[in-house]
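Before any comments, here is the structure.
We number each residue from 1, following the sequence as shown.
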Amino acid sequence: MSFQNLFIPHQRNKEERQWLDEEIAEQQLRYQAIVKAMEDMAPTRERWYAEFLDRIQTRGFNVDGDMRVKIQHEDIPLRPDRPTRSFTDFHARSKTWHDPISNPSATVTSRSNP
């Protein structure tokens with residue numbers, strides 16, 4: 001299947017552009033609040049990781065029905081030296097967006113999450 005560019009060029013008047021700018025600003029504020037909430041829960045997330053690793057080593061996990069398998073300590077992967085990827089980093093790496101009306105020469109890239 002070939003790529004079809006379905007973009008239809010159109011002009012926005014000053015009132016429409018102003019409304020759009022206000023909407024974008026509001027959405028960015030909401031997004032920043034979500035990012036802050038995600039970053040603030042980083043210590044809780046670290047505790048969840050530790051609890052999960054402990055649980056799969058002591059209780060195990062269900063493989064089939066009620067059959068459980070415990071993971072041996074030597075089979076647990078080592079924690080990476082880098083900090084846990086933040087919500088902001090994850091989102092920034094997953095896609096890039098631009099407004100084709102205000103910047104038609106920019107390119108849109110989208111790729112799967114790393």
Side-chain angles (χ1 to χ4, degrees):
M1 176 183 221
S2 64
F3 174 78
Q4 293 180 347
N5 185 358
L6 302 177
F7 177 71
I8 300 171
H10 57 280
Q11 300 294 323
R12 292 187 180 120
N13 63 30
K14 189 174 183 177
E15 181 182 336
E16 291 169 338
R17 187 71 225 178
Q18 181 182 0
W19 177 84
L20 192 58
D21 290 341
E22 290 170 5
E23 288 294 315
I24 291 171
E26 289 175 10
Q27 287 184 17
Q28 286 175 341
L29 286 175
R30 287 192 298 269
Y31 174 76
Q32 289 170 358
I34 292 169
V35 168
K36 182 178 179 337
M38 294 295 290
E39 298 296 335
D40 289 346
M41 72 181 301
T44 305
R45 191 178 309 114
E46 294 298 324
R47 189 183 79 231
W48 290 340
Y49 293 158
E51 289 172 355
F52 169 74
L53 293 175
D54 181 59
R55 188 169 43 252
I56 64 172
Q57 292 177 67
T58 55
R59 291 181 50 210
F61 68 97
N62 289 70
V63 212
D64 182 32
D66 61 351
M67 186 170 72
R68 287 184 172 255
V69 172
K70 291 182 183 178
I71 304 297
Q72 300 302 316
H73 180 70
E74 54 270 5
D75 293 334
I76 300 291
L78 295 176
R79 184 183 178 111
D81 291 336
R82 63 172 173 73
T84 303
R85 187 184 316 169
S86 70
F87 184 73
T88 310
D89 292 341
F90 177 78
H91 189 270
R93 291 180 187 177
S94 64
K95 58 185 159 183
T96 304
W97 171 252
H98 81 285
D99 180 4
I101 299 299
S102 55
N103 189 3
S105 63
T107 59
V108 174
T109 58
S110 180
R111 62 179 195 180
S112 61
N113 297 333

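Salt bridge annotation for Glu39-Arg45: absent, with no cationic side-chain nitrogen under 4.0 angstrom from a carboxylate oxygen.
Within the 4.5 Å cutoff, the side chain of Gln57 has heavy atoms near those of the His73 side chain. Contact annotation: the side chain of Trp48 approaches that of Met41 to within less than 4.5 Å [non-hydrogen atoms, C-beta and beyond]. Using a 4.5 Å cut-off on side-chain heavy atoms (C-beta onward), Met67 and Asn62 make no contact. Between Gln27 and Ile24, every side-chain heavy-atom pair lies at or beyond the 4.5 Å cut-off. Residues Lys36 and Met38 form no side-chain contact, since every pair of their non-hydrogen atoms from C-beta on lies 4.5 Å or further apart. Side-chain contact between Arg68 and Arg59 is present, with at least one heavy-atom pair separated by less than 4.5 Å. Under the 4.5 Å side-chain criterion, counting only non-hydrogen atoms from C-beta, Ile76 is in contact with Ile56.
Closest heavy-atom contact between Thr58 and Lys70: O-CE, 2.8 Å.
The environment of CG in Asp40 is crowded: more than 12 heavy-atom neighbours from other residues, nucleotides or ligands sit within 6.0 Å. No more than 12 heavy atoms of other residues, nucleotides or ligands shown are found within 6.0 angstrom of CZ on Phe52. By the 6.0 Å contact criterion, CD on Glu15 is open, its count of non-hydrogen atoms from other residues, nucleotides or ligands being 12 or less. By the 6.0 Å contact criterion, CZ on Arg30 is enclosed, its count of non-hydrogen atoms from other residues, nucleotides or ligands being greater than 12.
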As a quick check of understanding, evaluate salt bridge (Lys or Arg N to Asp or Glu O under 4.0 Å) for Glu22 and Arg17, giving each step before the final call.
CA-CA 9 Å; Glu22 290 170 5; Arg17 187 71 225 178; over 6 Å; no

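A donor-acceptor pair is defined here as one N or O able to donate and one able to accept, closer than 3.5 Å; such a pair exists between the side chain of Glu16 and the backbone of Asn13.
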